[in-house]
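Since this is a predicted model, take the numbers as computed values, not measurements. Just the heavy atoms: all of them, side chains too, but no hydrogens, waters or symmetry mates, feed the values below. Every number for a ligand or one of its atoms is a count from 1 in the order of the listing.
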Amino acid sequence: MSRSFDLIVIGAGPAGYVAAIRASQLGMNVACIDEWENLDGSNAFGGTCLNAGCIPSKALLESSELFHRAENEFGKHGIKMSGVAIDIAAMQKRKATIVRQLTGGIAGLFKANKIEGLVGHGKLLAGKKVEFTPTDGDVEVLDARYVILASGSTPIELAVAPFDGERIVDSWGALEFSEVPKTLGVVGAGIVGLELSSVWNRLGADVIILEAMDDFLFMADRQIAKDAVRHFKKQGLKIHLGAKVTSAKASAKGVTVKYEDKDGSQTVNVEKLIVAVGRRAFTDGLFADDAGVLTDDHGCIEVDDQCRSSVKGVFAVGDCVRGPMLAHKGSEEGVMAADLIAGEIAELNYNVIPSVIYTAPEIAWVGKTEEEVMASGRPYKTGTFPFAANGRAKVMEQTAGMVKIIAAKDDDEVLGVHIIGPMAGELISEAVLAMEFSASTEDLQRTIHAHPSLTEAIHEASLAVDKRALNFINK
Ligand code: FAD
Ligand code: NAI
């Protein structure tokens, strides 16, 4: 007799494993299937986020930033050091330890929540049956009352610059370099491109970024993007906009990259090339043809606002469905799907999902950009406050950047908050909470912020919206 579960989740990334835990909390008998295989052949739960995305990239960003600050900033504090050097093997070992601890933690959480963690491939068949092919062992067909598909995404490969895993790599490969390349090419100035360029640039690589679009960080507020590109260029990143890569040929020495820009055909030789031109939903072998699951033009699994797929009782969450490819978006969708399956009321406010780019300065935003508000036709007002006028930023020696708030003129509602500066990824939570509660700038203005703190820059920006900032001359 086949094993049967209330819920089977396929994929144990941040969308899937969180859905499994929530469903177990709600009393369901849950299995979660995952096939992730690490470079050393070991299996681990956690998906892209824990194994090859959010966590390892942030580990390297932290190490490289500390190295950079030790070299360039500690002297200003009077800290005298000599012979500062980076041990890449030790840096990578620290990263691997963090990843192992966190992925092991998921296995522990599965055990504690009595979730059946199954290692291998899952495939949805017709009638909510799931074919499970273990990494070792026999194929088994499982029964489920409900299924959640959480199969994630995979890097997009360029036909003109195919990955070879050695010279031309994706984001995962770029997290695993065992030495600092002297020269590094990066195709795509998106989030991956900027974070990984920052890592290797800080450690000494000469980095050139080739971005096809003419606009830098097209999804961000223009004022913030303009400030960001200025800081990144100052850090030594060579950012070429409007550069279309036409070929990349790897040899024993490196990679010859040809691209076209407004001045014609160009060639650049680099030791390694990272291709970071976006990700696509990963649904290979995920469902049988007759399972009834529909996908859209982008290859994402079609779902409604509450993540119900075209098959009754089958939900899909995370990177494999529409919306931003962010871990926290996937996790909240996982919780929503589990709650709905248990008969609870659940919804997700897609208008207030924060985005963070973990560069230095960090960039974070929530809600609409000024350009989006302008295009909507709603009258608006803006306020900005520079970190250069914030006491905490000054003592932290991190005064680059600003907070910008966009609010409606009619009822003062906060429509968007954009931050470039120290700890922007932490600061943005105040704005997310404010917007979740439909706060006005007056609410932010009347909220007491601790002194000295970086959050005072948010307070001051909210005051600046009404031209009443206290520690800056209002324009
Ligand atoms: P995934 O994490 O991709 O997990 C899907 C899992 O399903 C995988 O383990 C896969 O092996 C498994 N799977 C797929 N198909 C099957 C099948 N048929 N059978 C069994 N198992 C299957 N997001 C952030 O919010 N913050 C960040 O700082 C951040 N940094 C990133 C840095 C990098 C370099 C990259 C590449 C991404 C980053 N992201 C970040 C994005 C984030 O990693 C994804 O949004 C997130 O992992 C999506 O979660 P998911 O659960 O939908 O999919
Ligand atoms: P992206 O969509 O952020 O950026 C891709 C960039 O490549 C774009 O600027 C695009 O114009 C450019 N591009 C596309 N085709 C090109 C070509 N042929 N030549 C040159 N440039 C080209 O995608 P990215 O950076 O790969 O990241 C994928 C996703 O992973 C992100 O969108 C994000 O959702 C997630 N992520 C999130 C992070 C975070 O939250 N801090 C960190 C890293 C990734």
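For Cys320, no heavy-atom contact with ligand 1 is shorter than 4.0 Å. Heavy atoms from both the backbone and the side chain of Asp34 come within less than 4.0 Å of ligand 1. At a heavy-atom distance under 4.0 Å, only side-chain atoms of Phe282, from C-beta outward, approach ligand 1. Residue contacts with ligand 1, taken as heavy atom pairs separated by less than 4.0 Å, involve Lys58 solely via side-chain atoms from C-beta onward.
Atom numbering of ligand 1 starts at 1 in the shown order; those under 4.0 Å from a heavy atom of Ser153 are 3 (O). Every atom of ligand 1 with a heavy atom of Met325 under 4.0 Å away is listed here by number and element: 41 (C), 45 (O). Short contacts between ligand 1 and Ser57, defined as distances under 4.0 Å to a heavy atom of the residue, involve ligand atoms 32 (C). Listed by atom number, the atoms of ligand 1 under 4.0 Å from Trp36 heavy atoms are 8 (C), 9 (O), 11 (O). For ligand 1 and Gly152, the ligand atoms under 4.0 Å from any heavy atom of the residue are 1 (P), 3 (O), 5 (C), 52 (O), 53 (O). Counting atoms of ligand 1 from 1 in the listed order, those under 4.0 Å from a heavy atom of Thr48 are 1 (P), 2 (O), 3 (O), 4 (O), 43 (O), 47 (O). Close approach of ligand 1 to Gly318 (heavy-atom distance below 4.0 Å) involves ligand atoms 52 (O). Below 4.0 Å from some heavy atom of Cys49 lie the following atoms of ligand 1, by number and element: 2 (O), 43 (O), 47 (O).
Scanning all protein heavy atoms for the shortest distance to atom 24 (C) of ligand 1 gives Ala327 N, 3.5 Å. Of the protein's non-hydrogen atoms, Ser151 CB, 3.4 Å is the one closest to atom 15 (N) of ligand 1. Of all protein heavy atoms, the one lying nearest to atom 20 (C) of ligand 1 is Gly120 O, 3.3 Å. The protein heavy-atom contact nearest to atom 19 (N) of ligand 1 is Gly122 N, 2.9 Å. Here the protein heavy atom with the shortest distance to atom 40 (C) of ligand 1 is Cys54 SG, 3.2 Å. Counting only heavy atoms of the protein, atom 35 (C) of ligand 1 lies nearest to Gly53 CA, 3.6 Å. At the top of the distance list for atom 44 (C) of ligand 1, counting protein heavy atoms only, stands Asp319 OD2, 3.3 Å. Of the protein's heavy atoms, Gly11 CA, 3.2 Å lies nearest to atom 7 (O) of ligand 1.
Other residues, nucleotides and ligands contribute only 12 or fewer heavy atoms inside 6.0 Å of the CG atom of Asp138. At most 12 non-hydrogen atoms from other residues, nucleotides or ligands lie less than 6.0 angstrom from NZ of Lys368. Residue-environment remark: CG (Asp297) stays at or below the threshold of 12 foreign heavy atoms within 6.0 Å. Around CG of Asp284, the count of heavy atoms belonging to other residues, nucleotides or ligands within 6.0 Å exceeds 12. More than 12 heavy-atom neighbours from other residues, nucleotides or ligands sit within 6.0 angstrom of NZ on Lys244. Few gaps surround CD on Gln306; more than 12 heavy atoms of other groups in view lie less than 6.0 Å from it.
Distances shorter than 4.0 angstrom occur between a heavy atom of Tyr358 and an atom of ligand 1. Assignment of Ala174 to the shell around ligand 1 is not supported, since no heavy atom sits closer than 4.0 Å. The shortest separation from a heavy atom of Arg279 to ligand 1 is under 4.0 Å, placing the residue in contact.
For the side chain to side chain donor-acceptor pair (under 3.5 Å) condition, the pairs that include at least one residue of residues 218-227, sequence neighbours left out, are Asp221-Lys404, Gln223-Lys404, Asp227-Arg230, Asp227-His231. Applying the side chain to side chain donor-acceptor pair (under 3.5 Å) definition to pairs two or more places apart or across chains, those involving residues 165-181 are Lys95-Glu176.
Contact detail for Asn38 and Ala44: the closest heavy-atom pair is ND2-CB, 3.6 Å. Between Tyr350 and Asp305, the shortest heavy-atom distance links the atoms CE1-O, 3.7 Å. The two residues Phe232 and Ala360 make their nearest non-hydrogen contact at CE2-O, 4.1 Å.
At least one N or O atom of His328, backbone or side chain, sits closer than 3.5 Å to an N or O atom of ligand 1. Note: an N/O pair closer than 3.5 Å links Glu35 and ligand 1 by distance alone. For the pair Gly285 and ligand 1, the shortest N or O to N or O distance does not fall below 3.5 Å. At least one N or O atom of Pro14 sits closer than 3.5 Å to an N or O atom of ligand 1.
Note on Glu302 versus Arg322: no salt bridge recorded, every NZ/NE/NH1/NH2 to OD/OE distance being 4.0 Å or above. A salt bridge links Lys329 to Glu333: at least one charged side-chain nitrogen sits closer than 4.0 Å to a carboxylate oxygen.
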Using atom types as modelled, flag every donor-acceptor pair under 3.5 Å from a side chain in residues 9-34 to any protein atom, sequence neighbours excluded.
unit_1, atom_1, unit_2, atom_2, d
Arg22, NE, Asp339, OD1, 2.8
Arg22, NH1, Gln25, OE1, 2.9
Arg22, NH2, Asp339, OD1, 3.2
Ser24, OG, Asn113, O, 2.7
Asn29, ND2, Ser4, O, 3.3
Asp34, OD1, Trp36, N, 2.6
Asp34, OD2, Ala12, N, 2.6

Derivation of the salt bridge (charged side-chain N to carboxylate O under 4.0 Å, His left out) call for Asp319 and Arg280
CA-CA 8 Å; Asp319 279 12; Arg280 64 168 176 84; over 6 Å; no

Would Thr295 and Phe287 satisfy side-chain contact (heavy atoms from CB on, under 4.5 Å), going step by step from the backbone distance to the final call?
CA-CA 11 Å; Thr295 53; Phe287 42 81; 3.9 Å; yes

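In this structure, a donor-acceptor pair under 3.5 Å is present between the side chains of Asp261 and Gln266. Side-chain contact annotation: Asp143 with Ser2, donor-acceptor N/O pair under 3.5 Å present.
Using a 4.5 Å heavy-atom threshold, the side chains of Tyr146 and Leu7 count as touching.
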For ligand 2, which of its N or O atoms have a protein N or O partner closer than 3.5 Å, and how long is each gap?
unit_1, atom_1, unit_2, atom_2, d
ligand 2, 3 (O), Ile191, N, 3.3
ligand 2, 9 (O), Glu211, OE1, 2.6
ligand 2, 9 (O), Glu211, OE2, 3.3
ligand 2, 11 (O), Glu211, OE2, 2.6
ligand 2, 21 (N), Ala212, N, 3.2
ligand 2, 23 (O), Gly278, N, 3.4
ligand 2, 25 (O), Ile191, N, 3.2
ligand 2, 25 (O), Val192, N, 2.9
ligand 2, 26 (O), Gly278, N, 2.9
ligand 2, 34 (O), Met325, O, 2.6
ligand 2, 40 (O), Val356, O, 3.4
ligand 2, 41 (N), Glu195, OE2, 2.9
ligand 2, 41 (N), Val356, O, 2.7

